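Presented below is the structure to which this report refers.
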There are 2 protein chains.
Amino acid sequence: MLEADLFRTLSDPTRRAVFERLVPREMSVSELKSGFAISQPAISQHLAALRGAGLVCERREGRFAYYRAEPQALAPLVDWVDRYRLFWPERIEKLKRVLEDMEP
Amino acid sequence: MLEADLFRTLSDPTRRAVFERLVPREMSVSELKSGFAISQPAISQHLAALRGAGLVCERREGRFAYYRAEPQALAPLVDWVDRYRLFWPERIEKLKRVLEDMEP
DNA sequence: CTGTCGCATAAGTCGTGGCTTATATTGCGT
DNA sequence: ACGCAATATAAGCCACGACTTATGCGACAG
């Protein structure tokens with residue numbers, strides 16, 4: 001049931017890009033804004049939406065707000081796609097290969 | 001880049017429900033309509049959107065149109081979530097268990 | 001203490017999209 | 001041939017959401 005929020009939140013391309021940018025490392029709002037052609041309030045609104053879905057979390061430090069992604073919040077979305085991965089044999093094979101490569 | 005179409009198409013809960021209903025077995029439009037509290041044109045419009053994303057395909061038979069889901073069209077979405085699954089070790093463990101249950 | 005910076009919130013605008021009703025199209029039954 | 005059934009398309013309506021500008025608020029510098 002929770003995948004609904006994730007689909008809605010991630011359906012916007014800009015917001016998805018914001019999330020992706022916060023996966024490798026945390027970033028301040030102004031640093032995020034550079035690289036997007038939208039206003040600072042727009043960024044803050046996207047961050048609020050992502051925060052509402054648990055996809056990012058903020059760390060306050062003085063007047064700066066540092067955001068980082070929380071990939072584990074993708075859980076319901078992962079469960080959703082996994083449910084239909086079962087109807088798709090070749091994809092399972094590929095996944096198995098990926099997993100085998102990860103353990104010694 | 002193609003995951004954008006999938007996110008946009010699947011962001012609507014009704015359309016997502018239509019897709020999910022067509023995964024186990026094919027179904028005619030009128031059979032689909034029963035179970036949804038929306039009009040038949042609305043169903044047809046959702047099917048057109050899903051078809052545009054390659055998520056369903058239709059089979060004509062007389063005046064009936066039978067639709068079935070094409071889970072392989074989820075590929076770009078699967079790739080997207082897999083990219084961030086790597087940042088999330090516990091999820092990999094769960095997946096491995098699912099895969100192990102599937103083969104004797 | 002005052003100005004400015006970093007960010008959030010408020011308010012308003014505007015496009016998009018999902019729904020409706022109405023209509024067109026094709027196929028089947030009688 | 002006629003009418004109805006199954007579906008698609010057209011046109012219009014309305015709500016939602018993404019953006020803007022304007023404003024508020026706390027933190028640091030001078």
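This is a predicted model, so every value here is computed, not measured. Protein chains get the first letters and strands the later ones, always in sequence-line order, with residue 1 at the start of each.
- Rounded to a whole Å, the CZ atom of B/F36 is 14 Å from the C1' atom of C/dG18.
- Listed candidates were C/dT21, D/dT7, D/dT20. Nearest to the side chain of B/Q40 is D/dT7.
- Side-chain proximity of A/R63 to the nucleotides D/dT21, D/dA27, C/dG18 is greatest for D/dA27.
- Taking CG of A/L10 as the reference point, atom CD of A/E20 lies at 9.0 Å (rounded to 0.5 Å).
- Side-chain atoms of B/Q45 come within donor-acceptor range of the base of C/dT20, with a qualifying N/O pair under 3.5 Å.
- Side-chain proximity of A/A42 to D/dC19, D/dA10, D/dA22: nearest is D/dC19.
- Residue contacts shown for A/S44 include a base, since a base heavy atom lies under 4.0 Å away.
- Atom CE in B/M27 sits about 17 Å away from atom C1' in D/dT7, given to the nearest Å.
- Distance check, rounded to the nearest 0.5 Å: CZ of B/R85 to CZ of B/R83 gives 13.0 Å.
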Inset, instruction - Take A/F64 and A/E31 through the side-chain contact (heavy atoms from CB on, under 4.5 Å) test and state the conclusion after the steps. - result: CA-CA 10 Å; A/F64 293 86; A/E31 186 180 3; over 6 Å; no
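- Contacts of B/E58 with the nucleic acid, taken as non-hydrogen atoms under 4.0 Å apart, involve only primed sugar atoms and P, OP1 or OP2.
- Within the 4.0 angstrom heavy-atom criterion, only backbone atoms of the sugar-phosphate kind lie near B/A65; the bases stay farther away.
- At whole-Å resolution of the value, CZ in A/R8 and C1' in D/dA15 are 15 Å apart.
- The shortest non-hydrogen separation linking B/I38 to B/H46 is CD1-CD2, 4.1 Å.
- Nearest-nucleotide positions on DNA chain D for A/H46 and A/E61 put A/H46 closer to the 5' end.
- The CG-P distance, from A/L47 to C/dC7, rounds to 10 Å in whole Å.
- Closest approach to the A/F64 side chain among C/dT20, D/dT7, C/dC7 is made by C/dC7 (side chain taken as heavy atoms from C-beta onward).
- Among the heavy atoms of the strands lying under 4.0 Å from A/Y67 are primed sugar atoms or P, OP1, OP2 only; no base atom is included.
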Inset, instruction - Show your working on side-chain contact (heavy atoms from CB on, under 4.5 Å) between A/I43 and A/Y67 and close with a plain yes or no. - result: CA-CA 12 Å; A/I43 297 284; A/Y67 283 85; over 6 Å; no
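- The distance from atom CD of B/E31 to atom P of D/dA5 is 18 Å, rounded to the nearest whole Å.
- When the nearest nucleotides of DNA chain D are assigned to A/R15 and B/S28 by heavy-atom distance, the more 5′-ward of the two goes with B/S28.
- In this structure, A/D12 atom CG and C/dT16 atom P are separated by 13 Å, rounded to whole Å.
- Nucleotide C/dG6 holds its C1' atom 15 Å from the CZ atom of A/R59, rounded to whole Å.
- Considering only side-chain N and O atoms, A/T14 lies under 4.0 angstrom from the phosphate OP1 or OP2 of D/dC19.
- Across the protein-nucleic acid pair, A/I38 atom CD1 and C/dC14 atom C1' stand 16 Å apart, rounded to whole Å.
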Legend entry - Chi angles and distances behind the side-chain contact (heavy atoms from CB on, under 4.5 Å) call for B/L22, B/L32: CA-CA 9 Å; B/L22 291 175; B/L32 254 178; 4.0 Å; yes
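- Distances from the side chain of A/S30 to the nucleotides D/dT20, C/dC7, C/dT20 place C/dC7 closest.
- Residue contacts shown for B/S39 include a base, since a base heavy atom lies under 4.0 Å away.
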